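Below, chain A is the first sequence line, B the second, and so on; all start at residue 1. As the structure is a computational prediction, the values presented were derived from the model and not from experiment.
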Number of protein chains: 2
Amino acid sequence: MSSAKRSDSASDLTARARIRDAAIECFGQHGFGVTVRAVAEQAGVSPGLVIHHFGSKDKLRQACDDHVIALVNEIKTESITSHDSRTFLHQLAAVEEYTPYIAYVFRAVQAGGPIAVSLYERMIADVEGYLAAGEAEGTVRPSRDPAKRARWMAANSFGAVLVLITMQQPGQQIDFVRIIREWSEEYILPALEVYTEGLLTERTMLDAYLLYVSDPPAESG
Amino acid sequence: MSSAKRSDSASDLTARARIRDAAIECFGQHGFGVTVRAVAEQAGVSPGLVIHHFGSKDKLRQACDDHVIALVNEIKTESITSHDSRTFLHQLAAVEEYTPYIAYVFRAVQAGGPIAVSLYERMIADVEGYLAAGEAEGTVRPSRDPAKRARWMAANSFGAVLVLITMQQPGQQIDFVRIIREWSEEYILPALEVYTEGLLTERTMLDAYLLYVSDPPAESG
DNA sequence: TAACCTATTGAACATGAGTTCAGCCAAGCG
DNA sequence: CGCTTGGCTGAACTCATGTTCAATAGGTTA
């Protein structure tokens, strides 16, 4: 299934594939509100053909979702065999060619729904693995609840970039990779500060909480 | 100007005010894609009247923005005179009556644009003040760059909740206050862990960075 | 009561966008 | 050369939605 009927190289794809790629590009750049006509123009075909191949705009969206998920899965299995511990987002960001997919993943998560949850859960799993690896080699502190910490870290990290992206002026071309990189560079200092030295000077809040959970004040009736 | 022509109490507002409140409710609950007809129904008036009073849907949106911003400003000035150091979001969340406004603020930021930036910058300022107060009383560690740390913390905290909200099944009623509260309760442990003990075991990354900024390896030509 | 003004309605209009469909065209085949 | 087939077009259709407008109701004033 890996090689299509025709040659599978860049500009000489099946029209169906070209439309799908154009849709991923458009959806990623402008969100899922883009018109079928815009996608058709980007692909260099008529609006009718888009529907002819995919049945409806929703089904086109579905096909894009499937394609991106498949790509992410592929990257994931590759990274397992090659012992690459980066999250799939970082791996997407590392390859120039994958740029549209990053945009698409952000839009998908931003739009919510089942695909968002699926992708987001995968990110959390990535982060959990990443933290566990750090823990194993001694660079990351062990947590009393590693799963929850991973969820917390993932929500914070991904959410921060999502907010940053949302604040961009709409209508402009959004360079997701640049934003991710700038975020990382711009805020290394506070991130490293908090992650190595903490934010609070005293243990009182943590200790109080730990005492609280080990001996709850009142079990609700 | 504070008291309108008629009685200003809850259910007996000017039609214009009732429409505006209905719009804030609808926009907050379902996003800015809701139809004028839906807003009209919520307000118990005809679609025509909505346009009659506000000119267009965009102007209605504008009026809602203005009203919410005004409320936030009011809360802010009140909190200054009463020395209340909570962020405006926390203050909104504390009062039952303000529930729709929380939803609206989230939707506004989620939708992006100038109002989003304005509200978000205000949140950052709130966080910065909050951290500075903690620093002054000795509970929060001083930062080498307090402003950046505040931006980083705000992006993380707000982004995390934004992600959580986005993951809710669309179409359902979204209880923003409940989500915020559950997030706080559910993830107290990892948050306190990281904030008091840090995430990393060694200072090497931070120290390397501090050395790097004080003595950059190569100034780009 | 009559005039009048304002708020309000409900039907109609305009537009944008997803979708349909009858037909065209180029390629393969007898 | 003529036939068939399947990808493809572009004009037309449908529907949702923002918006307009003539007509109405209800209260206020002379």
Can you list every pair that meets ring-ring contact (aromatic ring centres under 6.0 Å, His included) and has a residue in residues 21-44 of chain B, with sequence neighbours left out?
B:Phe27-B:Phe32, B:Phe32-B:Tyr104
Sort and list the pairs that fulfil salt bridge (charged side-chain N to carboxylate O under 4.0 Å, His left out) and have at least one residue in residues 39-59 of chain A, not counting sequence neighbours.
none
How would you list all residue pairs meeting salt bridge (charged side-chain N to carboxylate O under 4.0 Å, His left out) that involve residues 156-180 of chain A, not counting sequence neighbours?
A:Arg178-A:Glu182
Set out, line by line, the N/O atom pairs under 3.5 Å between protein and nucleotides 15-18 of chain D.
unit_1: D:dG18; atom_1: OP1; unit_2: B:Lys57; atom_2: NZ; d: 3.0
unit_1: D:dG18; atom_1: OP2; unit_2: B:Val36; atom_2: N; d: 2.9
unit_1: D:dG18; atom_1: N7; unit_2: B:Arg37; atom_2: NH1; d: 2.9
unit_1: D:dG18; atom_1: O6; unit_2: B:Arg37; atom_2: NH2; d: 3.1

What is the distance, rounded to the nearest whole Å, between atom NZ of A:Lys59 and atom C1' of C:dT20?
14 Å
Can you measure B:Ile19 atom CD1 to C:dT9 atom C1' for me and round it to whole angstrom units?
12 Å
Does anything in residues 69-79 of chain A pair up under side-chain hydrogen bond (donor to acceptor under 3.5 Å, both in side chains), and if so which pairs, sequence neighbours excluded?
A:Asn73-A:Arg122, A:Lys76-A:Asp126
Which listed nucleotide (C:dT8, D:dT9, C:dT9) is nearest to the side chain of A:Leu49?
D:dT9
Using a cut-off of 4.0 Å on non-hydrogen atoms, how would the nucleic acid contact of A:His53 be classed: base, sugar-phosphate, or nothing?
sugar-phosphate
d(NE2, B:His52; P, C:dA7) in whole Å:
5 Å
Over 12 foreign heavy atoms within 6.0 Å of OH, B:Tyr195:
yes
Kindly state each residue pair satisfying salt bridge (charged side-chain N to carboxylate O under 4.0 Å, His left out) with at least one member in residues 83-94 of chain B, sequence neighbours excluded.
B:Asp84-B:Arg86
